[in-house]
Student: 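To start, I am sharing the structure in question, which I have written as structure tokens.
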Number of protein chains: 2
Amino acid sequence: MRISAKGRYGLAAAISMAENYNSGEYITVISISERLGISKIYLEQVFSLLKRGGIVTSIKGAQGGYQLARHPRQITVLDVLSAVELSLFEQAEETVKSKAPEIESAMRVSVFDEIDGAVKSTLENITLSDLVNEAEKHKTNQSFMFFI
Amino acid sequence: MRISAKGRYGLAAAISMAENYNSGEYITVISISERLGISKIYLEQVFSLLKRGGIVTSIKGAQGGYQLARHPRQITVLDVLSAVELSLFEQAEETVKSKAPEIESAMRVSVFDEIDGAVKSTLENITLSDLVNEAEKHKTNQSFMFFI
DNA sequence: TGCCACTGGATTGTGTCAATAGACAAAAGA
DNA sequence: TCTTTTGTCTATTGACACAATCCAGTGGCA
């Protein structure tokens, strides 16, 4: 399934903030942008959506920045992607409604709703904490392979 | 999750052919196009993809047309959508690979691969027979509601 | 006051998708 | 063999969404 750039950037940014959650500091867009190698201007839009979705809180002005609104264990990937990726669960367009409504209904009930349900239940069972742990695993693996 | 017009049309067409499977006849694009109210010219492209994917067989010329390649019980929605919807499981682009490869890996393993797996296992458990039955259910429901 | 950082809107380029069109190939029947 | 029917293939168009950038504005801190 295709995840847009906004979705991927938003998720990466959220993970990055979760890694620093313990410090309690507010983090600037620039620092995340440099850490991840993403355009700062583009990231601004993403954070704007993250804020609107209640994933992060913000403080303006000098020494300002963003902070996760809740503990990383209480933020699921579904939360993040829903905030940033508008097309995740958009209502499917009608296909053959007028001539064959029974086929339209069958596709919706047995296929489209099923897919959305499967995706949703998958995403709401992964938290930012899980991802931080997973990233840590890959970090050590990569150092290990590097030094051999 | 967004399913493109090609995917929806392909699935509707496949269901429609499954309804006529017992007759053993070859069915023309025009008859499906009229049955479903879809542009014939556009449906041609869809059937071309269905054939390439081994979902249907074809006979050219007069009295020609298309036929399901296997029994509807042996054709899954995954088969149909994979044939028609090219972007279903396309490799996700890299996001933060160079600066933060461990985050990239974590997202891939814990999120993207998980989603694709969930979608895949959902779709491969729905057959065209199931959809024909479901459509029949909706048909009777609608007549029922109509005559009350 | 002056800088810093978030806020929001406007814009542009690019690419993909939906849809149409038309030329061509093969099979059946008169 | 000629005509009709139906599938096959490729090119083209228009619309729209997405990725990315820019900039003017606002609020807070020192």
Side-chain angles (χ1 to χ4, degrees), chain A residues 1-13 17 25-34 36-53 55-69 81 83-88 90 92-96, chain B residues 1-13 17 25-34 36-53 55-69 81 83-88 90 92-96:
Chain A
M1 158 168 205
R2 176 176 162 69
I3 305 289
S4 74
K6 277 211 176 69
R8 302 195 309 274
Y9 289 161
L11 190 53
M17 297 196 70
E25 294 169 357
Y26 279 78
I27 305 178
T28 65
V29 173
I30 289 189
S31 70
I32 299 276
S33 131
E34 287 171 351
L36 299 179
I38 302 175
S39 147
K40 173 225 164 196
I41 291 179
Y42 195 56
L43 250 196
E44 282 176 350
Q45 288 186 39
V46 174
F47 270 98
S48 172
L49 292 171
L50 286 176
K51 187 189 176 184
R52 189 177 308 174
I55 309 297
V56 298
T57 59
S58 66
I59 290 187
K60 282 187 179 179
Q63 267 64 42
Y66 289 96
Q67 204 179 34
L68 288 180
L81 290 186
V84 164
E85 180 100 21
L86 306 91
S87 63
L88 241 201
E90 72 184 1
E93 297 165 50
E94 293 182 352
T95 307
V96 293
Chain B
M1 159 169 206
R2 176 177 160 69
I3 305 290
S4 74
K6 277 212 176 69
R8 301 195 309 273
Y9 289 161
L11 190 53
M17 299 196 70
E25 294 168 355
Y26 278 78
I27 305 178
T28 65
V29 173
I30 288 189
S31 69
I32 300 275
S33 129
E34 288 170 351
L36 299 179
I38 302 174
S39 148
K40 174 225 164 197
I41 291 180
Y42 194 56
L43 249 197
E44 281 176 351
Q45 290 184 36
V46 175
F47 270 99
S48 174
L49 293 171
L50 287 175
K51 187 190 176 185
R52 190 177 305 174
I55 309 297
V56 299
T57 59
S58 68
I59 290 187
K60 279 187 180 180
Q63 267 62 43
Y66 289 96
Q67 205 178 34
L68 288 180
L81 290 186
V84 165
E85 180 100 22
L86 306 91
S87 62
L88 241 200
E90 71 183 2
E93 297 165 50
E94 294 182 350
T95 307
V96 293

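Here is how names work: the chains are called A, B, and so on, in the same order as the sequence lines, proteins then strands, and each is numbered from 1. The shown structure was predicted, so the numbers you read here are calculated from the model rather than taken from an experiment. What you see below is based on every heavy atom in this structure, not just the backbone, and it leaves out hydrogens, waters and symmetry mates.
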Student: Could you tell me the separation between the CG atom of A:L49 and the C1' atom of C:dC6, rounded to a whole number of Å?
Tutor: 14 Å
Student: Please figure out whether B:S87 or B:G61 has its closest DNA chain C nucleotide nearer the 5' end.
Tutor: B:S87
Student: Is B:I59 touching bases, backbone alone, or none of the nucleic acid, heavy atoms closer than 4.0 Å?
Tutor: sugar-phosphate
Student: If each of A:Q45 and A:K60 is mapped to the nucleotide of DNA chain D with the nearest heavy atom, which maps nearer the 5' terminus, i.e. the 5' end?
Tutor: A:Q45
Student: For D:dT8, does OP1 or OP2 lie under 4.0 Å from any side-chain N or O of B:K51?
Tutor: yes
Student: Given atom OH of A:Y26 and atom C1' of D:dC29, what is their separation to the nearest angstrom?
Tutor: 14 Å
Student: Is the backbone of B:I3 close enough, under 3.5 Å, to the side chain of B:R8 for a donor and an acceptor to pair up by distance?
Tutor: yes
Student: Mark yes or no for whether B:S33, through its side chain, and B:I38, through its backbone, hold a donor-acceptor pair below 3.5 Å.
Tutor: yes
Student: Does C:dT20 have OP1 or OP2 under 4.0 Å away from a side-chain N or O of B:S39?
Tutor: yes
Student: NA contact type, B:I27, heavy-atom cut-off 4.0 Å: base, sugar-phosphate, or nothing?
Tutor: sugar-phosphate
Student: Rounding to a whole Å, what distance do you find between A:L43:CG and C:dA5:P?
Tutor: 15 Å
Student: Quick one: A:I30 CD1 to C:dC4 P, roughly how many Å, whole number?
Tutor: 10 Å
Student: On DNA chain D, compare the nucleotides closest to B:S58 and A:Y9; which residue's is nearer the 5' end?
Tutor: B:S58
Student: Looking at every heavy atom in both B:G7 and B:E85, which two are closest together, and how far apart are they?
Tutor: CA-OE1, 3.3 Å
Student: Which of these nucleotides, C:dG22, C:dA19, D:dT21, is closest to any side-chain atom of A:Y42?
Tutor: D:dT21
Student: If you measure from NZ on A:K40 to CD on A:E34, what distance do you get to the nearest 0.5 Å?
Tutor: 10.5 Å
Student: Could you check which of C:dC6, D:dA19, C:dA19 has an atom nearest any side-chain atom of A:S4?
Tutor: D:dA19
Student: Over 60° means perpendicular and under 30° means parallel, so tell me whether A:F47 and A:Y66 are parallel, tilted or perpendicular.
Tutor: parallel
Student: Consider the side chain of B:E44, meaning its heavy atoms from C-beta on, and name the nucleotide among D:dC22, C:dA28, D:dT8 that approaches it most closely.
Tutor: D:dT8
Student: Would you mind reading off the distance between A:R52 atom CZ and C:dC6 atom P, rounded to a whole angstrom?
Tutor: 16 Å
Student: Measure NZ/B:K40 against P/D:dT5 and give the value in whole Å, please.
Tutor: 12 Å
Student: How long is the line joining CG of B:L50 and C1' of D:dT8, in whole Å?
Tutor: 14 Å
Student: Send over the distance from A:Q67 CD to C:dA5 P, rounded to a whole Å.
Tutor: 16 Å
Student: Between C:dA5, D:dA19, C:dT7, which one does the side chain of A:Y66 approach most closely?
Tutor: C:dT7
Student: Consider the side chain of A:R2, meaning its heavy atoms from C-beta on, and name the nucleotide among D:dT6, D:dA19, C:dC4 that approaches it most closely.
Tutor: D:dA19
